[in-house]
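Here's the structure we're looking at; comments come further down.
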Amino acid sequence: MTESEHDKPLLDLAARIACRASGNVEPNPMVGCVLARDGVPIAMGHHRRFGGLHAEREALADAARRGVDVRGAAAYVTLEPCVHHGKQPPCVDALLEAGIDEVVFARHDPGPESGGGAAKLEAEGLRCRVSEASEAAVQLSDPFVKRVKTGLPWVIAKWAQTVDGRIATRTGQSQWISSDRSRLRVHKLRERVD
């Protein structure tokens with residue numbers, strides 16, 4: 001199935017609302033979900049905190065609060081809906097029970113337990129497809145994907161400091177407080193830039 005003109009704006013929106021939970025859901029990924037009919041959003045949700053409802057269930061709860069019938073609607077999700085029962089029940093079950101017709105997601109879930117939601121939804125007759133139309137929605141789960149695939153954390157900054165939290169002397173003079181090995185890396189990086 002080809003990408004729709006609605007993929008980018010709706011997945012962008014899902015990514016923006018997912019970012020509201022930054023720092024609150026780890027080790028789970030930030031995930032956003034927009035329920036839409038004919039490209040028009042009718043409900044939204046995001047995974048707010050670790051252990052709380054996942055994005056799809058939050059969006060369905062939002063629709064229920066608004067009195068919106070979601071049968072036949074499409075779900076735009078930043079990450080493939082989960083298929084396992086952890087702190088919350090599987091999102092695929094909630095989507096099936098709600099009568100959603102189509103699920104569009106930005107990235108497959110690489111988790112050995114949580115991944116595979118699209119296959120289950122398709123087996124139950126729902127249309128599922130991956131859309132990389134939104135760079136924001138794809139990149140949103142980069143930290144989660146790296147951790148699941150490599151076991152390593154997502155590191156965006158690293159520095160050396162003394163035990164008392166300093167990076168320079170009282171007079172502001174810089175002193176080497178890192179190892180010889182790390183200084184070697186700094187020199188090699190400088191050589192590449194120069």
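Residue A136 comes nearest to D12 through the heavy atom pair CB-OD1, 4.3 Å, listed as atom of the first residue, atom of the second, then distance. Shown here for V145 and P110, the closest heavy-atom pair between the two residues is CG2-CG, 3.9 Å. Smallest separation of non-hydrogen atoms from I17 and G45: CD1-O, 3.3 Å. Residues G39 and A36 approach most closely at C-CB, 4.3 Å, considering heavy atoms. Shown here for A106 and V130, the closest heavy-atom pair between the two residues is O-CG1, 3.9 Å. Smallest separation of non-hydrogen atoms from A18 and G32: CB-N, 3.3 Å.
Here the straight-line distance linking atom OG1 of T78 with atom NE2 of H47 works out to 11.0 Å at 0.5 Å rounding. Atoms CZ and CD, from R147 and E26 in turn, are 9.5 Å apart once rounded to the nearest 0.5 Å. Note that SG of C91 is 10.0 Å distant from CG of D109, once rounded to the nearest 0.5 Å. Taking CZ from R37 and CD1 from I42, the interatomic distance works out to 4.5 Å, rounded to the nearest 0.5 Å. With values rounded to the nearest 0.5 angstrom, L121 atom CG is found 10.0 Å from I100 atom CD1.
Counting heavy atoms from C-beta outward, R129 and D7 have side chains that approach closer than 4.5 Å. The side-chain heavy atoms of P89 and R57, taken from C-beta on, include a pair separated by under 4.5 Å. Side-chain atoms of E102 and L126, non-hydrogen and from C-beta on, never get closer than 4.5 Å to each other. Proximity of P41 to L10: side-chain heavy atoms (C-beta onward) are separated by under 4.5 Å at one or more points. Here the side chains of S131 and L11 are in contact, with some heavy-atom distance below 4.5 Å. Residues M44 and L35 form no side-chain contact, since every pair of their non-hydrogen atoms from C-beta on lies 4.5 Å or further apart.
In this structure, R66 pairs ionically with D62, as a charged nitrogen and a carboxylate oxygen lie closer than 4.0 Å. A salt bridge does not link R107 to E80: none of the charged side-chain nitrogens sits closer than 4.0 Å to a carboxylate oxygen.
For the side-chain contact (heavy atoms from CB on, under 4.5 Å) with V148, the qualifying choice from P27, P29, P112, P143 is P112, the only one to do so. Here the rule is side-chain contact (heavy atoms from CB on, under 4.5 Å) with H54, and of H46, Q88, K87, R48 only Q88 fits it.
Around CD of E135, the count of heavy atoms belonging to other residues, nucleotides or ligands within 6.0 Å does not exceed 12.
Taking the six-membered ring where the residue is Trp, the centroids of H108 and F105 are separated by under 6.0 Å.
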- Intermediate values then yes/no, side-chain contact (heavy atoms from CB on, under 4.5 Å), L13 and R16: CA-CA 5 Å; L13 177 57; R16 282 196 309 274; 3.5 Å; yes
**Prompt:** Checking salt bridge (Lys or Arg N to Asp or Glu O under 4.0 Å) for the pair R71/D101: CA distance, chi angles, key distance, verdict?
**Reply:** CA-CA 7 Å; R71 293 202 175 281; D101 265 4; over 6 Å; no
TODO: Apply the test side-chain contact (heavy atoms from CB on, under 4.5 Å) to residues M30 and S22: give CA-CA distance (whole Å), side-chain angles for both, the deciding distance (0.1 Å), then the verdict.
DONE: CA-CA 7 Å; M30 290 186 291; S22 179; 3.8 Å; yes
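Transitive grouping of hydrophobic side chains (ILVMFWY, heavy atoms separated by less than 4.5 Å) keeps Y76 and L140 in distinct clusters. At a threshold of 4.5 Å between side-chain heavy atoms, the hydrophobic network of Ile, Leu, Val, Met, Phe, Trp and Tyr places V68 and V103 in one connected group.
Judged by distance alone, with hydrogens and angles left aside, the side-chain atoms of S141 form no donor-acceptor pair with the main-chain N or O of F144 at under 3.5 Å.
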